[in-house]
Chemist: 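Here it is: the structure, laid out below.
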Amino acid sequence: MSGMRRMFFLSGAILFAILSAALAGTPAEDEQKYRAAVNEGVELLQTGQREEINRAIAKFKTALRLRPESAEAFYWIALAYSDQDNFIRAVEYAKDATVYDETMSEAWLLLGQLRLYLKEWNEALRALEHASRLAPDNPMVQFN
């Protein structure tokens, strides 16, 4: 490789590294963006309007890109899909929430409720029993 060509590739690699570092936020900035996306999504979801629920899902997915292993973001996406009666897709996200945080009783409760809607009785029972073990004093868990 000629010296000029090597210099070109080296300068390109350096420029890429500089731009990547400039575009990436600091952990504190990413946390602020994550929290803002989740909070905005929750507000949109609370309206109950279909187009706002779609926007909420987009916000939660933005949060998920910032924190790919966030049980909270998976949970909110699942809840939003359940509000649209898209129970199959909601189950996928609820299951992911329980994978990333096995102690999140809300995710287990939601997963159990979703399985009830889908008439998957055994899976619903397992999820709801798990939620009950995690949150024995939660009346919603006990009701279900």
Side-chain angles (χ1 to χ4, degrees), residues 5-144:
R5 193 169 165 183
R6 190 174 345 179
M7 189 63 118
F8 174 77
F9 283 116
L10 183 60
S11 63
I14 291 171
L15 180 61
F16 178 76
I18 291 170
L19 286 174
S20 295
L23 293 175
T26 65
E29 289 171 340
D30 286 349
E31 178 60 27
Q32 285 178 331
K33 290 177 187 174
Y34 169 84
R35 186 54 41 210
V38 169
N39 290 342
E40 289 174 38
V42 170
E43 288 176 17
L44 291 166
L45 190 60
Q46 289 174 338
T47 68
Q49 298 173 358
R50 193 172 263 317
E51 71 251 7
E52 298 301 311
I53 294 172
N54 288 330
R55 289 182 55 214
I57 290 170
K59 291 290 182 183
F60 297 137
K61 287 185 176 182
T62 296
L64 197 55
R65 280 191 294 279
L66 291 165
R67 219 194 276 169
E69 297 180 358
S70 170
E72 176 188 29
F74 279 112
Y75 167 79
W76 284 112
I77 294 169
L79 190 62
Y81 278 124
S82 74
D83 281 357
Q84 294 180 330
D85 297 334
N86 190 341
F87 303 126
I88 293 172
R89 187 165 244 179
V91 164
E92 295 170 15
Y93 283 95
K95 284 189 336 191
D96 286 339
T98 65
V99 167
Y100 289 111
D101 185 354
E102 293 178 4
T103 65
M104 188 177 192
S105 63
E106 298 89 349
W108 286 102
L109 173 60
L110 179 59
L111 182 57
Q113 290 171 326
L114 292 166
R115 297 283 197 190
L116 286 173
Y117 293 136
L118 295 172
K119 298 181 181 174
E120 298 172 348
W121 311 121
N122 291 332
E123 294 88 352
L125 181 60
R126 279 193 287 275
L128 293 169
E129 284 176 339
H130 195 80
S132 180
R133 284 190 296 277
L134 292 171
D137 297 330
N138 182 333
M140 282 301 294
V141 171
Q142 300 310 316
F143 173 78
N144 282 281

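Values in this document were obtained by computation on a predicted structure and should not be read as measured data.
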Chemist: Are there over 12 heavy-atom neighbours, none belonging to Gln142, within less than 6.0 Å of that residue's CD?
Modeler: yes
Chemist: Set out, in order, the CA-CA distance, both residues' side-chain angles and the distance that settles side-chain contact (heavy atoms from CB on, under 4.5 Å) for Asp96 and Ile77, then state yes or no.
Modeler: CA-CA 10 Å; Asp96 286 339; Ile77 294 169; over 6 Å; no
Chemist: So do Tyr34 and Leu64 actually touch side chain to side chain, heavy atoms under 4.5 Å?
Modeler: no
Chemist: Are Glu72 and Arg35 close enough that some pair of their side-chain heavy atoms sits under 4.5 Å apart?
Modeler: yes
Chemist: Classify the side-chain pair Gln84/Asn54 by whether it contains a donor and acceptor separated by less than 3.5 Å.
Modeler: yes
Chemist: Using ring-ring contact (aromatic ring centres under 6.0 Å, His included) as the criterion, point out the one residue from Tyr75, Phe74, Tyr93 that pairs with Tyr100.
Modeler: Phe74
Chemist: Counting only N and O atoms by type, is there a donor-acceptor contact under 3.5 Å from the side chain of Trp108 to the main-chain atoms of Glu129?
Modeler: no
Chemist: To the closest 0.5 Å, what do you measure between CZ (Arg89) and OG (Ser82)?
Modeler: 13.5 Å
Chemist: Would you call Glu52 and Lys59 a salt bridge, taking side-chain N to carboxylate O under 4.0 Å as the test?
Modeler: no
Chemist: With side-chain contact (heavy atoms from CB on, under 4.5 Å) as the criterion, how do Leu111 and Val91 come out once you've worked through the C-alpha distance, each side chain's angles and the decisive distance to 0.1 Å?
Modeler: CA-CA 6 Å; Leu111 182 57; Val91 164; 3.9 Å; yes
Chemist: Ignoring hydrogens and geometry, is there a side-chain-to-backbone donor-acceptor pair from Thr62 to Ala58 under 3.5 Å?
Modeler: yes
Chemist: Can you tell me if CZ on Arg55 sees more than 12 non-hydrogen neighbours from other groups inside 6.0 Å?
Modeler: no
